[in-house]
There are 2 protein chains.
Amino acid sequence: MYSSELIKGTLKTIILALLTDEKKMYGYEITQKVKNLTGGKIQLTEGALYPTLHALEAQGILTTEVVNVGNRLRKYYTITPSGKSVAQEKVTEFSEFIATMRILLDLQPRAGEA
Amino acid sequence: MYSSELIKGTLKTIILALLTDEKKMYGYEITQKVKNLTGGKIQLTEGALYPTLHALEAQGILTTEVVNVGNRLRKYYTITPSGKSVAQEKVTEFSEFIATMRILLDLQPRAGEA
DNA sequence: CAAATATACCTAAGAAAATTATGTATTGTG
DNA sequence: CACAATACATAATTTTCTTAGGTATATTTG
């Protein structure tokens, strides 16, 4: 598990990147997918996740659809077309950011980085 | 300039990495070095920098030495031996974190990453 | 089969970290 | 000589997350 301060500010980027790939996910599913993909090193807390999802919806970046599964409800989130460009910008920005950080932290540059 | 939310949480790591290389720097010098090394893409604000430097000093990670240059004072920060191991941990953690983020964001893995 | 765990949503109080806005003072520059 | 740059600092506000709580159903396990 990474120190929380490091993960700060990446939550929106993570959510939008996943939804660009997956088309449609619900909150709990996002927490599990992140946990699995990162080997438990990043675990989203619900207190951070849900308010962020609501904010992204309010901004028109995500839309929702509530589905009943058995007797339990799931709120599926889908990324809108304008949301997709926001997602792309965020991922590109993060990519550039880590290239910049490599310079600052004296990490070896990797193949493919301009 | 990157969106500020992205840079959040990396300030301590940046400061400690620079001081591991440089041995001795003062606050304003840190802001300029970061600005130069990143082509202006990361610009530390004084309101964030100074309180963080003070905190690192209070934790015994940095020590200070005030020097008069002309009539103006400079407060030089030096990293302590125990601070160096903290710095190393932070840089390693960041390095692992971006490897994890590459997976999440579907970025291409780079040469040298296990 | 009861208890614990997992699934699934949510919010609110507080903490942490940054931004924004100041303030002080000296030095270099057009 | 005014303005920008150098050099420190703090305080109010904002943003973002953590912690802690609340509700409810489904599944696993002793």
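Letters go in sequence order (proteins before strands), and every chain restarts at 1.
- In this structure, B/Val66 shares a hydrophobic cluster with B/Leu73, the cluster being traced through Ile, Leu, Val, Met, Phe, Trp and Tyr side chains under 4.5 angstrom apart.
- Using a 4.0 Å heavy-atom cutoff across all strands shown, B/Leu11 reaches sugar-phosphate atoms only and no base atom.
- One interatomic measurement links the two molecules: CG of B/Leu49 to P of C/dA17, which rounds to 15 Å at whole-angstrom precision.
- Residues from residues 84-93 of chain B that place a heavy atom under 4.0 Å from any atom of DNA chain C: there are none.
- At a non-hydrogen distance threshold of 4.0 Å, nothing from residues 55-65 of chain B comes into contact with DNA chain C.
- What separates CG of A/Leu6 from P of C/dA17 is a distance of 12 Å, to the nearest Å.
- Evaluated for a side chain to side chain contact (heavy atoms under 4.5 Å, CB included) with B/Leu62, the options B/Thr80, B/Thr78, B/Leu56 yield exactly one hit, B/Leu56.
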Checklist line | Pair A/Tyr2-B/Thr100, side-chain hydrogen bond (donor to acceptor under 3.5 Å, both in side chains): steps then yes or no | finding: CA-CA 10 Å; A/Tyr2 299 120; B/Thr100 300; 2.4 Å; yes

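- For the pair A/Lys24 and A/Tyr76, the cation-pi criterion (under 6.0 Å, within 45° of the ring axis) is fulfilled.
- Projected onto DNA chain D by closest heavy-atom contact, A/Gly70 and A/Thr52 fall at different nucleotides, the more 5' of which corresponds to A/Thr52.
- Running 5' to 3' along DNA chain D, contacts with non-hydrogen atoms of chain A at under 4.0 Å begin and end at D/dC17 to D/dA26.
- B/Gln43 has its CD atom 15 Å from the C1' atom of C/dT20, to the nearest Å.
- Using a 4.0 Å cut-off between charged nitrogen and carboxylate oxygen, B/Glu5 and A/Lys90 count as a salt-bridge pair.
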Note to self: Determine whether B/Ile98 and A/Met101 satisfy the following criterion, side chain to side chain contact (heavy atoms under 4.5 Å, CB included), listing intermediate values before the conclusion.
What the structure shows: CA-CA 10 Å; B/Ile98 63 181; A/Met101 284 296 286; over 6 Å; no

Check: What string of B, S and - do you get for nucleotides 3-16 of chain C 5' to 3' if you count protein non-hydrogen atoms under 4.0 Å?
Finding: ---BBSBBB-----

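- Ion pairing between B/Glu65 and B/Arg74 fails under the 4.0 Å rule for side-chain N and carboxylate O.
- The structure places CE of B/Met25 at 12.0 Å from CD1 of B/Ile79, a figure rounded to the nearest 0.5 Å.
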Next item on the list: In sequence, state the C-alpha distance, the side-chain angles, and the governing distance for B/Lys33 and B/Glu22, and then conclude on salt bridge (charged side-chain N to carboxylate O under 4.0 Å, His left out).
Entry: CA-CA 11 Å; B/Lys33 179 128 193 175; B/Glu22 289 289 323; 2.7 Å; yes

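- Note that CD1 of B/Ile42 is 13.5 Å distant from NZ of B/Lys35, once rounded to the nearest 0.5 Å.
- A/Gln88 has its side chain within reach of A/Thr92: a pair of non-hydrogen atoms, C-beta onward, lies under 4.5 Å apart.
- Residues that satisfy the side chain to side chain donor-acceptor pair (under 3.5 Å) test with A/Thr45, not counting sequence neighbours, are absent from this structure.
- Expressed to the nearest 0.5 Å, how far CG of B/Leu6 lies from CD of A/Glu96 amounts to 10.0 Å.
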